[in-house]
Amino acid sequence: MSLERQTLKQKLSTLIQPLQKAKRGAPLTNRTLSATTCEQIESLVTAIEALNPNLSPLLYSPQLLDGNWWLNYSTAREIRALDKLPLGLKVGRIYQIINVPNQSFLNQAFVYHPLGLAKGYVKVTAKFEIAKPAGTVLPDKRINVEFLERMISIQKLMGVPTPKLDPAKVVPARSPEGRIPFLEITYLDDDLRIGRGGEGSLFVLSKVSEVTP
């Protein structure tokens, strides 16, 4: 790894990690952080993207996508909305677990009540296909997404395990009508992934060995 890229990644980690730890691992968003902090994150992210070691990740290094990814920061509307959940619930860690051979993934957001009244998670399953830029047959960095199912699970109520509510509800997870959700992978290495989706949304994720609430 180049020294410049390593330095930038360390600066980003040093900025994000203490703030995320204070939120029990929940992703940081531009809804709750100060404008100055968001500008610092965005500036570091842009600089890191410019040093991407895998410019065509879906062509040359798709295996790096495989595994458990912990969401550290996002400007996506659906992530920002989790900052205000009903009934006093709080969002915890959010993961994206990717299975490259099966071209599938799931998003899992853990939720909890600060007083211990409830604990559970929301899971969305999806499949993806590698998009090919117009005029070429080779993949580059965009994947198209089709959401499949949304699952709501309640694991504990008042501290008591509730296996009959795990899951409590499973419904189809429809993609937005009239458009295909997509994600462009703008940076990828062994432990960091940066992506940009529709509406200019930004996602910063780090790879972890296991999923923990």
Set of side chain to side chain contact (heavy atoms under 4.5 Å, CB included) partners for A76, sequence neighbours left out | S74, E78, I79, S201, F203
Under the side-chain hydrogen bond (donor to acceptor under 3.5 Å, both in side chains) rule, collect the residues that match up with R150, sequence neighbours excluded.
-> none
Could you tell me whether the side chain of E149 and the main chain of P172 form a donor-acceptor pair under 3.5 Å?
-> no
What pair of heavy atoms forms the shortest contact from A118 to L157, and how long is it?
-> CB-CD2, 3.9 Å
So which of E4, Q6, R5 actually passes side-chain contact (heavy atoms from CB on, under 4.5 Å) with L8?
-> E4
Output for pair (I185 CD1, L183 CG), nearest 0.5 Å, gives 6.0 Å
Calculate, to the nearest 0.5 Å, the distance between atoms OG and CD belonging to S34 and Q40 respectively.
-> 7.0 Å
Do other residues, nucleotides or ligands put more than 12 heavy atoms under 6.0 Å from E49 CD?
-> yes
I130 vs Q103 side-chain heavy atoms within contact, under 4.5 Å = yes
State yes or no: do F128 and L106 share one hydrophobic cluster built from I, L, V, M, F, W and Y residues joined by side-chain heavy-atom distances below 4.5 Å, directly or via other members?
-> no
Minimum heavy-atom distance T212-Y95, with the two atoms named | O-OH, 2.7 Å
Shared hydrophobic cluster for F110 and F105 (ILVMFWY, side-chain gaps under 4.5 Å) = no
May I ask you to check whether S206 and N72 show a side-chain donor-acceptor distance below 3.5 Å?
-> yes
Donor-acceptor contact below 3.5 Å, side chain E210 vs main chain N68 = no
Answer whether the closest heavy-atom distance between the side chains of V45 and R196 falls below 4.5 Å.
-> yes
Side chains of L117 and L87: closer than 4.5 Å at any heavy-atom pair?
-> no
Is the NZ atom of K207 crowded by more than 12 outside heavy atoms at less than 6.0 Å?
-> yes
At what distance, to the nearest 0.5 angstrom, does CD1 of I143 lie from CD1 of I180?
-> 13.0 Å
Nearest heavy-atom pair of T29 and Y73: which atoms, and what distance?
-> C-CE1, 4.0 Å
Single-linkage hydrophobic cluster V91~V124, side-chain heavy atoms < 4.5 angstrom = yes
In short, salt bridge (charged side-chain N to carboxylate O under 4.0 Å, His left out) pairs touching residues 14-38 with sequence neighbours left out are K23-D83
Please report the closest heavy-atom contact between W69 and L192, naming both atoms and the distance.
-> CZ3-C, 3.7 Å
Hey, is the main chain of L202 close enough, under 3.5 Å, to the side chain of T75 for a donor-acceptor pair?
-> yes
Which atoms form the tightest heavy-atom contact between I41 and I16, and what is the distance?
-> CD1-CG1, 4.2 Å
Find out if a path of hydrophobic residues (ILVMFWY) with successive side-chain heavy-atom gaps under 4.5 Å connects V145 to V100.
-> yes
Within the distance-only criterion (no hydrogens, no angle test), does the side chain of S43 pair as donor or acceptor with the backbone N or O of E39 below 3.5 angstrom?
-> no
For S61, enumerate each residue passing the side-chain hydrogen bond (donor to acceptor under 3.5 Å, both in side chains) test, keeping only those at least two apart in sequence or located in another chain.
-> N54
Separation between OH (Y187) and CG (L51), nearest 0.5 Å, reads 7.5 Å
Approximate separation, where rounding is to 0.5 Å, of Q63 CD and D66 CG = 9.0 Å
Do side-chain atoms of T162 reach the backbone of Q155 as a donor and acceptor pair under 3.5 angstrom?
-> yes
Scan side-chain atoms only and decide if Q10 and T14 contain a donor-acceptor pair under the 3.5 Å cut-off.
-> yes
Qualifying residues under side chain to side chain contact (heavy atoms under 4.5 Å, CB included), relative to Q17, sequence neighbours excluded = S13
Do the side chains of L64 and D190 get nearer than 4.5 Å, heavy atoms only?
-> yes
May I have the step-by-step check of side-chain contact (heavy atoms from CB on, under 4.5 Å) for L58 and L65, ending in yes or no?
-> CA-CA 9 Å; L58 299 175; L65 281 175; 3.6 Å; yes
For K90, the side chain to side chain contact (heavy atoms under 4.5 Å, CB included) test, sequence neighbours excluded, returns Y112, P114
So, for D166 and Y121, which heavy atoms are closest and what is the spacing to 0.1 Å?
-> OD1-OH, 2.9 Å
Does one hydrophobic cluster hold both V122 and L148, with members joined at side-chain heavy-atom distances below 4.5 Å?
-> no
Taking 4.0 angstrom as the limit, do E146 and K127 come out as a salt bridge?
-> yes
Side-chain heavy atoms of T32 within contact of L28, under 4.5 Å = no
Hey, could you give me the CD/OG1 distance between E42 and T37, rounded to the nearest 0.5 Å?
-> 12.0 Å
Please assess Q96 against L71 for the test side-chain contact (heavy atoms from CB on, under 4.5 Å), listing each intermediate value before the final yes or no.
-> CA-CA 7 Å; Q96 185 171 78; L71 183 59; over 6 Å; no
